[in-house]
Number of protein chains: 2
Amino acid sequence: MNEDDDLGALCAGAGRALAEAERPVLEAHGLSMWQYVVLSALAPGAAPSQLVLAQQIHYDKTRLIALLDGLEAAGLVSRGPDPADRRARIVRLTSAGTHRHAAARAGIRAVEDQRLAGLGAEERRVLRSALAQLANSG
Amino acid sequence: MNEDDDLGALCAGAGRALAEAERPVLEAHGLSMWQYVVLSALAPGAAPSQLVLAQQIHYDKTRLIALLDGLEAAGLVSRGPDPADRRARIVRLTSAGTHRHAAARAGIRAVEDQRLAGLGAEERRVLRSALAQLANSG
DNA sequence: TATTGTTATACTCTATAACTATA
DNA sequence: TATAGTTATAGAGTATAACAATA
């Protein structure tokens, strides 16, 4: 009951189940799924322009504007000028944003760990590695 | 660059990359993604009601109607009465639907195989098994 | 002339409510 | 009274086009 399913269907099912389980966690931290995605993209310390950010997270640049408006109003993100290109605006995480993301991420990781119960370290490594290969083979 | 990503983000990325790669294959067989999902659900020989089918594939029962209308008009699916409940309609694959699905699936599998290049049989088994566990742990 | 951010518009997809026929 | 299928409507999500400022 496993060899029959397409890989795409399995990824979709796993992604949907994870999203459903994680939504309440994000809500408890006052974040939507896409808001969390933005914070995650900025968390490593990145400071991309809005256009680059939109491409990184596969989100429409026109929709990103309202998303950033909300995050900026909540004090989680800041938009500043790009000294090298005055058309562009650089997006950064505020310290409040950094803390909010870290807290939400801890909750997300707890859910994931629970869902991976029974899998050993090597199996988890294979899973992450294979998914990363699939995501980057396009 | 792997331990940092959330599992949900990895699943979403892999699912999106697969969907993008598979869409042209499905188009070549005259199928949309959701049409293929319906055919796949019926392929094992199942004969569910429309409501059960909608729940199985996580699709809205009201949207399923137009989807089945199209598949029925194309001769890939048949809707018949349920002898046990005259309110319900039983959905089945026609022989044309069976063949169309088999042909499309072969193309899908070829794409997946190409994307999994470099992974051994055991790694692929771990991947499928872990994804199935994640999808069914809700 | 091309590009970034922005706004406005149109379009598609999805969810909700109401109807019919059966149970 | 409740449920399967259907239809119609409303809502959210997404894509397209046009604009101002800058390159």
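Convention: sequence-line order gives letters A, B, ...; per-chain numbering from 1.
Ion pairing between D69(B) and R79(B) holds under the 4.0 Å rule for side-chain N and carboxylate O.
For the segment residues 48-85 of chain A, residues with any heavy atom less than 4.0 angstrom from an atom of DNA chain C are, sorted by number, S49(A), Q50(A), L51(A), K61(A), T62(A), I65(A), R79(A).
A donor-acceptor pair shorter than 3.5 Å cannot be found between the side chains of R115(A) and Q133(B). A donor and an acceptor atom, one from each side chain of R100(B) and H29(B), are nowhere located under 3.5 Å apart.
Distance I90(A) CD1 to dT22(D) C1': 15 Å, rounded to the nearest Å. Rounded to a whole Å, the CZ atom of R87(B) is 6 Å from the C1' atom of dA4(D).
Of the side-chain N and O atoms in R86(B), none sit less than 4.0 angstrom from OP1 or OP2 of dA21(C).
Atoms CZ and CG, from R87(B) and L51(B) in turn, are 10.0 Å apart once rounded to the nearest 0.5 Å.
Using a 30° and 60° split on the angle between ring planes, Y36(A) and H101(A) fall in the parallel class, below 30°.
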